[in-house]
Number of protein chains: 2
Amino acid sequence: MSNSIKNIRIKDIAQMAGVSEGTVDRVLHNRGNVSLVAQAKVNSVLTKIHYKPNVLARSLGKVRNLKISVIIPEYRFDPYWGEVKFGIAQAQDEWNQYGVTIEPFYYLHDGNLSLEQVAKEALKARPNGMVLAPIFYPQAMTVIASLHEMKIPYVLFNTNIPESKPLSFIGQDLRKSGRLAGQLMGLDHKENDELVVMHIGESVKDSIYLMEKENGFKEFYNKERHPFKITSLNIDASEKSLSEAIVRLVKNKNIKGLFVTTSKSVATVASILLKNSRTDIRLIGYDMLKENLKYLKKGVISFLINQNPKRQAFVGISHMANHLLFKKNVPHTDLFPLEVIMQENIDSYVSSGIH
Amino acid sequence: MSNSIKNIRIKDIAQMAGVSEGTVDRVLHNRGNVSLVAQAKVNSVLTKIHYKPNVLARSLGKVRNLKISVIIPEYRFDPYWGEVKFGIAQAQDEWNQYGVTIEPFYYLHDGNLSLEQVAKEALKARPNGMVLAPIFYPQAMTVIASLHEMKIPYVLFNTNIPESKPLSFIGQDLRKSGRLAGQLMGLDHKENDELVVMHIGESVKDSIYLMEKENGFKEFYNKERHPFKITSLNIDASEKSLSEAIVRLVKNKNIKGLFVTTSKSVATVASILLKNSRTDIRLIGYDMLKENLKYLKKGVISFLINQNPKRQAFVGISHMANHLLFKKNVPHTDLFPLEVIMQENIDSYVSSGIH
DNA sequence: TTGGGATTTGTGTCCGCACACAGTTAAATT
DNA sequence: AATTTAACTGTGTGCGGACACAAATCCCAA
């Protein structure tokens, strides 16, 4: 019965309208050069039927070698970006077969591998689209200006720059993620506990976005009116100052909770807690980095909030590819869920590939 | 520079091997009728290069109107299956444009709308593949037998039947999900607390799989050697007996935690807890059903474990479609992560579409 | 009325793969 | 040696859409 629901093709429309395929094509893509009569004939058919172009056929005859440049911070110094790189690799796997080439670039804070320099290099190859993790605001802005100028569409992920107009932004609501950390911290609260929010790493000074997490965290406690003392701390990532600072912290017996806003350093904190037998302190951090998982399994880290860096990269690239290749509409913002990782669900997250 | 990374096509292989495209095609699909010499020539090229067929071109000339039947329990009596239905709708949206038709069917426990009857109906249309939620074991087995006989590939989701050999299974590890509930329950434990595992609903008698959750829950406490008293309870879903049973339960002041294994009934439990001012009881349930979210927001439900029914259906259908249309390899089992939903991350889950 | 430019329309080709079918060659039979 | 049979190989076409280019039509001025 519902057997031969022959899909309507351009050919069919042409026949129905009594014009040639070329004319239908011109109307569909409003390329102009169509007489009002023909236009009317085609349009009257188009309103009657619901034409769905065959995506496969459309992109088959497409310009091969679409090129997407991906720019992220150098991954060798931070396993977080290592995860992102995995996501890029998966995207390459997925999209190469459609003739889409994905070229990754890596930047440092400054010098001749700064974001600006690297982006300039990337743009030389005249990519059809760009996917960018813009963690340094001012540099990012000049890159984005170039992109606008060259009319290259771009997707941002990880960090948003709302005032630019990206095709799409992929990331999380950082304030809400701070609030979530707050709730997780409070699950076994006691009245006179002291909680500390820690921002660790050299990027702190440039990364206003970390403050969002802190604000969210505090917001949670304001709302709930919990009588906690909350302080915050900025520490450089340099080995010595970091461990010294933590050791000092740990000596304070009132401190019962630490919330580390940067994903990489929470493992270091955990190791120091362990050495100083302060595993009574509830430690909350970000992301399923290898070291983090180790301490989560041991119970030193209580919770991790998963930002899903791998998937962020994958989805970002996919949005761009879908836009370029299939002309699909992509969401303006794609905010990932705030995933709570704890001992009893680590495995389920590790084993499930990209989710 | 890296400009024309021309993808290797059958044509190119033919040229490299010094044979015709037809021969390459015969080797690739081992259709036979190829001389050993030609075979060798082609194979030597194939080992050197990594041939990736263009999925688009392959499926372009494909049989249009692939048909996939989806069979799930009647959704009007259980919002869980309502969620699943949303997933089906999304899959239709996604795959219709590729010429794949998705036909849903709904079954009840028995009668002329039993799984067997409905499946018989579905099979009349000779679908190219089937996606099935087999919650009643014996009936499901006869359906699966038919599928094997008719050589129709099938994907199972929600409930696994490992001894059948589905193309793919999509779901969660229920034992681990029980363990997770255990950990969530224990976050603010006290020594002499009593915990209750509740199985609610008429399907309990047929659904051995609910026991997995209970076992996982108990397993967690065994391992941790927590001194909790854990009891379990099977209750019919009939209005009266349910509320009576819960009211009775609630009178016991030692009870500090309830773990409801069926997603739909936890809201009822929550409403009764609220009426009887026993919100001190930690309540854990499953899934982001509308009613459940209401009580989670109010704080009556502490945690929900998300089984992601919508996505389970979507992914199940997509696996089948990828298999039929693109000949893609699909994972033998696709176990979803065990997502923890709590007040401060509800929104992030609700707003992010299908993840 | 005709020429010439502008506008409109139709046809053909390519994209990469799958598969049917015709064509070629070699071996086997008479 | 002629002919059948089998084994192998190459060519051609279609899938649906995009786009280039050729062909057809129109309009207006000379």
Side-chain angles (χ1 to χ4, degrees), chain A residues 4-43 46 49-66 95-100 324-328, chain B residues 4-43 45-46 49-66 96-100 324-328:
Chain A
S4 52
I5 328 169
K6 268 280 176 198
N7 235 18
I8 298 157
R9 314 170 314 236
I10 287 188
K11 198 183 221 170
D12 302 318
I13 300 175
Q15 203 165 8
M16 290 189 254
V19 297
S20 78
E21 295 182 45
T23 302
V24 176
D25 178 76
R26 277 181 283 267
V27 173
L28 284 173
H29 300 83
N30 28 260
R31 294 194 215 281
N33 292 338
V34 181
S35 69
L36 291 172
V37 187
Q39 184 117 359
K41 284 197 279 189
V42 173
N43 277 328
L46 285 180
I49 58 109
H50 181 56
Y51 173 61
K52 265 195 199 169
N54 183 322
V55 216
L56 263 47
R58 167 180 288 173
S59 24
L60 176 59
K62 187 87 191 166
V63 203
R64 321 277 322 129
N65 301 324
L66 279 177
W95 290 103
N96 273 347
Q97 59 188 333
Y98 296 100
V100 179
L324 294 175
L325 189 59
F326 298 133
K327 296 183 183 167
K328 269 195 195 167
Chain B
S4 52
I5 328 173
K6 270 276 178 199
N7 231 21
I8 298 158
R9 318 175 310 252
I10 286 188
K11 199 184 216 169
D12 302 317
I13 299 175
Q15 203 166 7
M16 289 190 254
V19 298
S20 78
E21 294 183 49
T23 303
V24 176
D25 177 77
R26 276 181 284 267
V27 173
L28 284 173
H29 301 83
N30 28 261
R31 295 193 215 281
N33 292 338
V34 182
S35 69
L36 291 173
V37 187
Q39 183 116 358
K41 284 198 280 188
V42 173
N43 277 327
V45 174
L46 285 180
I49 58 109
H50 181 55
Y51 173 62
K52 265 195 197 167
N54 183 322
V55 228
L56 263 48
R58 168 179 288 174
S59 26
L60 176 59
K62 189 84 190 168
V63 204
R64 322 269 327 122
N65 300 324
L66 280 176
N96 274 347
Q97 59 188 334
Y98 296 100
V100 179
L324 293 175
L325 189 59
F326 298 134
K327 296 185 184 168
K328 269 196 195 166

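Naming convention: chains lettered A, B, ... in sequence-line order (proteins, then strands); numbering from 1 in each chain.
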Can you tell me how far [atom2] of [N] sits from [atom1] of [X], to the nearest Å?
X: B:N54; N: D:dC15; atom1: CG; atom2: P; answer: 18 Å
X: B:Q39; N: D:dT9; atom1: CD; atom2: C1'; answer: 14 Å
X: B:I8; N: C:dC17; atom1: CD1; atom2: P; answer: 11 Å
X: B:Q15; N: C:dG16; atom1: CD; atom2: P; answer: 13 Å
X: A:D25; N: C:dT11; atom1: CG; atom2: C1'; answer: 13 Å
X: B:R26; N: D:dT11; atom1: CZ; atom2: P; answer: 11 Å
X: A:L60; N: C:dC17; atom1: CG; atom2: C1'; answer: 9 Å
X: B:K11; N: D:dG10; atom1: NZ; atom2: C1'; answer: 14 Å

- Query: In terms of the angle between their ring planes, are A:F326 and A:W95 parallel, tilted or perpendicular, with boundaries placed at 30° and 60°?
  - Reply: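 It falls in the tilted class, 30° to 60°.
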
Taking the side chain of [X] as its heavy atoms from C-beta onward, which of [options] lies nearest to it?
X: B:T23; options: C:dT8, D:dG10, D:dG17; value: D:dG10
X: A:V19; options: C:dG10, D:dG17, C:dG16; value: C:dG10
X: B:A57; options: C:dC17, D:dT9, D:dA18; value: C:dC17
X: A:R9; options: D:dG17, C:dC15, D:dC15; value: D:dG17
X: B:S20; options: D:dT11, D:dG16, C:dT9; value: D:dT11
X: B:N33; options: C:dT9, C:dA18, D:dC8; value: D:dC8
X: B:V34; options: D:dT9, D:dG16, C:dG16; value: D:dT9

- Message: For a quick test of reading the model, state the closest non-hydrogen atom pair linking A:L60 to B:A57 and the distance between them.
- Response: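 It is CD1-CB, 3.5 Å.
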
- Closest approach of B:K41 to B:A17 (non-hydrogen atoms, all atoms of both residues):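 Taking every non-hydrogen atom into account, CD-O, 3.4 Å.
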
Is any side-chain nitrogen or oxygen of [X] closer than 4.0 Å to OP1 or OP2 of [N]?
X: A:Y51; N: D:dG16; value: no
X: A:S35; N: C:dT9; value: yes
X: B:R58; N: C:dG16; value: no
X: B:H29; N: C:dA18; value: yes
X: A:R31; N: D:dC19; value: yes

- Close side-chain approach of B:V24 and B:V27, heavy atoms under 4.5 Å: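 No, too far: nothing below the 4.5 Å cut-off.
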
- Message: By nearest heavy atom, map A:L36 and A:E21 onto DNA chain C; which one lands nearer the 5' end?
- Response: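 Here A:L36 is the residue nearer the 5' end.
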
- Query: About how many Å separate OG of A:S59 and NZ of A:K328, when rounded to the nearest 0.5 Å?
  - Reply: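 Output value for this atom pair is 9.5 Å.
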
- Task: Mind checking the CD1-CD spacing from B:I10 to B:Q15? Nearest 0.5 Å is all I need.
- Result: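 Reported value, rounded in 0.5 Å steps: 14.0 Å.
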
